Novice: 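Please see the structure below; I have some questions.
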Protein chains: 2
Amino acid sequence: MAEPFVSEVVIERLPLYLRMLQFLEKEGKQVTSSQELAERLGFSSAQIRKDLSYFGEFGKQGTGYNVMFLQRQLRRILQIEQTRDMALIGVGDLGRALANYQGFLEQGFHLVALFDSAPQKIGMTVGGLTVQPMTELARVIQERKLQVVILAVPAQAAQQVANRLVELGVRAILNYAPITLSVPSDVRVYNIDPVIGLQSMAYYLK
Amino acid sequence: MAEPFVSEVVIERLPLYLRMLQFLEKEGKQVTSSQELAERLGFSSAQIRKDLSYFGEFGKQGTGYNVMFLQRQLRRILQIEQTRDMALIGVGDLGRALANYQGFLEQGFHLVALFDSAPQKIGMTVGGLTVQPMTELARVIQERKLQVVILAVPAQAAQQVANRLVELGVRAILNYAPITLSVPSDVRVYNIDPVIGLQSMAYYLK
DNA sequence: TAGATTGTTAATCGATTAACAATC
DNA sequence: TAGATTGTTAATCGATTAACAATC
C-alpha cells in the first residue's frame, strides 16, 4: 500500500475527519457517508471522497463508511496509532495550561518532560511533571528520543530554542511563540497564534 | 479605493506580513523588499507582491517598501487600526492563561469581559477582570456591542454557546474548543486546536 | 546612468468539483 | 430489484509563479 505524494492541505484535513468520526461515534452512529461528514464539516462530499481515495478504498457503495473502521484507518495513515511522547518548553501561564490539558493524552500525545530557563520555576510540579532546567534538554530529548516538542517560550527566545531542537533531532514543533520560525525543510512547524486569527477575522468585520 | 474580492488565503497571510514588518522594525530596518519578506517568511516574493497588489501600490521600484508605511496600510486593510473589545467565555486553565496574555492588547485586541458557567468561578479576578455568570452574557455583549469573542469552553458546551453568540450578533469567534462549530456564513470562526496540529505533523514523522 | 525592485500579465500549477459507472 | 453511495475521471476553478516593462 505505497502512498503517492499527498499534499499538505489534504493531510491537514484528515485530523478533522477523525475528530468528526469520534464525535459521530459518541452520538452512537456506526456508519456515515461522505455527504454526512461534508455537511457537518462544511466541506464538499467529493472532496472527502477524493481525500480518502489517496490512501485506499474505505467505504462501501450504497452504504458509506464504517465509523470505527475509518477512524482506525485515519489513525494508521496519520501514524498516531501509538502514543507519542512530547516535551514542553516554557512553563508560563500558557505552558502550565498546556501541561494540565488532558486532550493531548486522550488523542495519543503524552507530555513527558517540562523545561524552563527561569531558576525559580525549576523543580515546580505542573500536571504531574517536574520542571527541569534547560541544561537537561539535550539529555532528555536524546535519551527519550523525543520527536515532538511544544514550544511555549517568549517570542524573542523561540528561534534560539528551535535551533537547539533541530540540532537535537526534533522533527515536529508545535509553536506557540508569535514568530515565524526558520527550520530545515525536514522539520515540521505548526503555528498557533491567536492574534493571527483575530487579525484575519477583523478583515471581515464591518 | 474599492477593494475587489480577495480570497481568504490571501487575507490570512496579511497578519504574517504585518508581524514580520514589526519584527523588522525592531531590528531597526526602515525599508524592506518583497524578497526580504519572502525569505524570512518562507513564501515567494511574487506572492507577496501579488497579495499586496490587490489593495494598492505600496512600494517604490528600485527601493522596496517603507516598513512603517506598509504596517499602517496593512492595519488599515485588516481593520485593526482601532482597538477592538472582546469577551472571553470559559475561565479554565486555558481561559486564565488567555486572560493574562499581554499579546492581545499589544496587537489591538482588548479583553473587557470574562464569563463562566461555574458558580464557584463567578466573582474571581483574572487578568484584572471579574468573572461574570453566563446570565450576564447577553447584556454585556449587547451593551458593549462586542463583535469578537474568545471561546474557551469544553467541547460539549461549545456549539450551544456559539449559537447564543450568533443570536447576540457576535461576528467573529476565536474557537479553542476541539470541535467544528456550525455558524451562519456571515460569522467567522478561527479554530485553535493543538491536537489537529500534532496529528497532521505526525504524518510526516518516520 | 546603472542597478534594483515594483506591479502586473500570462502561463503554469494544483486543488476542487461535477458527474457517473460500478456496485453494495 | 431499486435506491444509495462509493471511487474515479475529466473539467473547472483558483492560486502561484515566472518574467519583464516600468521606473525609482
Side-chain angles (χ1 to χ4, degrees), chain A residues 1-17 20-21 24 29-74 77 185 200 203, chain B residues 1-17 20-21 24 29-74 77 185 200 203:
Chain A
M1 195 172 299
E3 286 159 10
F5 172 78
V6 179
S7 83
E8 205 165 330
V9 299
V10 174
I11 300 304
E12 295 196 344
R13 282 193 292 264
L14 302 184
L16 300 176
Y17 300 163
M20 185 55 70
L21 289 164
L24 292 171
K29 287 229 162 62
Q30 301 198 318
V31 170
T32 187
S33 65
S34 60
Q35 197 181 347
E36 180 172 50
L37 288 168
E39 277 168 18
R40 300 256 201 161
L41 288 164
F43 298 137
S44 76
S45 64
Q47 179 165 78
I48 290 174
R49 293 198 301 280
K50 184 114 182 65
D51 284 353
L52 297 175
S53 76
Y54 292 115
F55 305 98
E57 307 189 357
F58 307 120
K60 267 206 191 59
Q61 283 105 325
T63 308
Y65 302 93
N66 179 292
V67 170
M68 286 306 298
F69 176 76
L70 187 52
Q71 278 192 47
R72 279 195 298 275
Q73 295 305 312
L74 286 170
I77 293 163
S185 61
S200 60
Y203 176 82
Chain B
M1 194 172 296
E3 286 160 8
F5 173 77
V6 179
S7 83
E8 204 166 331
V9 298
V10 173
I11 301 303
E12 294 195 345
R13 281 193 292 264
L14 302 184
L16 301 176
Y17 300 163
M20 186 54 70
L21 288 164
L24 293 170
K29 287 229 162 62
Q30 300 199 317
V31 170
T32 188
S33 66
S34 59
Q35 198 181 347
E36 181 173 49
L37 289 168
E39 276 168 18
R40 301 256 200 160
L41 288 164
F43 298 137
S44 77
S45 63
Q47 178 165 80
I48 289 174
R49 293 198 302 279
K50 185 115 182 62
D51 284 354
L52 297 176
S53 77
Y54 291 114
F55 304 98
E57 307 189 357
F58 306 120
K60 267 205 190 59
Q61 282 106 323
T63 307
Y65 301 93
N66 179 292
V67 170
M68 286 305 297
F69 176 76
L70 188 52
Q71 279 191 47
R72 279 195 299 275
Q73 295 305 311
L74 286 171
I77 293 162
S185 61
S200 60
Y203 176 82

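Quick note on labels: first sequence line is chain A, next is B, and so on, each numbered from 1. Every value quoted in this text rests on a predicted model; they were computed, and no experiment measured them.
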Novice: Which one, D/dC24, C/dT16, C/dT5, comes nearest to the side chain of B/Gln35?
Specialist: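 Minimum distance to the B/Gln35 side chain belongs to C/dT5.
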Novice: side-chain contact (heavy atoms from CB on, under 4.5 Å), that's the test. Do A/Arg40 and A/Leu24 meet it? Break it down for me.
Specialist: CA-CA 10 Å; A/Arg40 300 256 201 161; A/Leu24 292 171; 3.6 Å; yes
Novice: Rounded to whole Å, how long is the line connecting atom CZ of B/Phe5 with atom C1' of D/dC13?
Specialist: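 Those two atoms, CZ and C1', are 13 Å apart.
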Novice: Rounding to a whole Å, what distance do you find between B/Asn66:CG and C/dT5:C1'?
Specialist: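 In whole Å, C/dT5 C1' and B/Asn66 CG are 15 Å from each other.
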Novice: Under 4.0 Å between a side-chain N or O of A/Ser7 and OP1 or OP2 of C/dA15?
Specialist: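 Answer yes for this pair, as a side-chain N or O of A/Ser7 is under 4.0 Å from OP1 or OP2.
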Novice: Does A/Ser34 put a side-chain nitrogen or oxygen below 4.0 Å from OP1 or OP2 of D/dT6?
Specialist: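 Affirmative; the distance criterion is met.
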Novice: Among the nucleotides D/dG7, D/dA15, D/dT16, which one has an atom lying closest to any side-chain atom of A/Glu57?
Specialist: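 Of D/dG7, D/dA15, D/dT16, D/dG7 is nearest to the side chain of A/Glu57.
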Novice: Can you tell me how far C1' of C/dT6 sits from CZ of B/Phe55, to the nearest Å?
Specialist: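 So the two atoms are 17 Å apart, to the nearest Å.
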Novice: If the cut-off is 4.0 Å, is A/Arg49 near the phosphate of C/dC20, judged by side-chain N/O to OP1 or OP2?
Specialist: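 Answer is no, no contact under 4.0 Å.
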Novice: I'd like to check A/Glu12 versus A/Val9 (side-chain heavy atoms, cut-off strictly below 4.5 Å). Are they in contact?
Specialist: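 No, their side chains stay 4.5 Å or more apart.
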Novice: Starting the side chain at C-beta, find the nucleotide from C/dA22, D/dT16, C/dT17 nearest to B/Tyr54.
Specialist: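 Of the options given, the side chain of B/Tyr54 lies nearest D/dT16.
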Novice: Using Watson-Crick or G-U wobble geometry with both distances under 3.5 Å, which nucleotide pairs with C/dC24?
Specialist: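 For C/dC24, the partner nucleotide comes out as D/dG3, under the 3.5 Å rule.
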Novice: If you find the nucleotide of DNA chain C closest to A/Glu8 and the one closest to A/Ala46, which residue's nucleotide is nearer the 5' end?
Specialist: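 Between the two, 5'-proximity favours A/Glu8.
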Novice: Mind checking whether A/Phe43 and A/Asp51 have side chains closer than 4.5 Å, heavy atoms only?
Specialist: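 SC-SC contact between A/Phe43 and A/Asp51 ruled out.
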Novice: Between C/dT5, C/dT17, D/dC24, which nucleotide gets closest to the side-chain atoms of A/Ser44?
Specialist: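 Of all the options, the side chain of A/Ser44 is nearest to C/dT17.
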Novice: Starting at CD of A/Glu36 and ending at C1' of D/dT6, how long is that distance when rounded to a whole Å?
Specialist: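 Distance check: A/Glu36 CD to D/dT6 C1' gives 15 Å.
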Novice: So, is A/Tyr65 near the phosphate of C/dC24, with a side-chain N or O under 4.0 Å from OP1 or OP2?
Specialist: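 Negative; the distance criterion is not met.
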Novice: Using both distances under 3.5 Å as the test, list the Watson-Crick or G-U wobble partner of D/dT16, or none.
Specialist: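 Checking every strand shown, D/dT16 finds its partner in C/dA11, with both distances under 3.5 Å.
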Novice: Can you measure B/Tyr17 atom OH to C/dT6 atom P for me and round it to whole angstrom units?
Specialist: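 The answer, rounded to whole Å, is 13 Å.
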Novice: Please report, rounded to the nearest Å, how far the C1' atom of D/dT16 is from the CG atom of B/Asp51.
Specialist: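 Roughly 10 Å, once rounded to whole Å.
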Novice: For A/Ile11 and C/dG14, what is the distance between atoms CD1 and P respectively, to the nearest whole Å?
Specialist: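 So the CD1-P distance, A/Ile11 to C/dG14, works out to 16 Å.
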Novice: Are A/Tyr17 and A/Ile48 packed together at the side-chain level, in the sense that at least one heavy-atom pair is separated by less than 4.5 angstrom?
Specialist: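 A side-chain contact under 4.5 Å exists here.
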Novice: To the nearest Å, how far apart are A/Gln47 CD and D/dT6 P?
Specialist: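 It is 15 Å, rounded to the nearest whole Å.
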Novice: Between C/dT16, C/dT6, D/dT5, which nucleotide gets closest to the side-chain atoms of A/Gln61?
Specialist: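 The nucleotide sitting nearest to the side chain is D/dT5.
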Novice: Can you tell if the side chain of B/Val6 reaches within under 4.5 Å of the side chain of B/Phe55, non-hydrogen atoms only?
Specialist: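 A side-chain contact under 4.5 Å exists here.
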Novice: Would you kindly say whether A/Arg49 and A/Ser45 are connected by a side-chain donor-acceptor distance under 3.5 Å?
Specialist: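 Side chains of A/Arg49 and A/Ser45: pair found under 3.5 Å.
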Novice: For A/Ser45, which contact category applies under a 4.0 Å heavy-atom criterion: base, sugar-phosphate, or nothing?
Specialist: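 Answer is nothing: A/Ser45 stays at 4.0 Å or more from every strand.
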Novice: Among D/dT9, D/dG7, C/dT5, find the nucleotide with the atom closest to the side chain of A/Lys50.
Specialist: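 Closest of the options to the side chain of A/Lys50: D/dT9.
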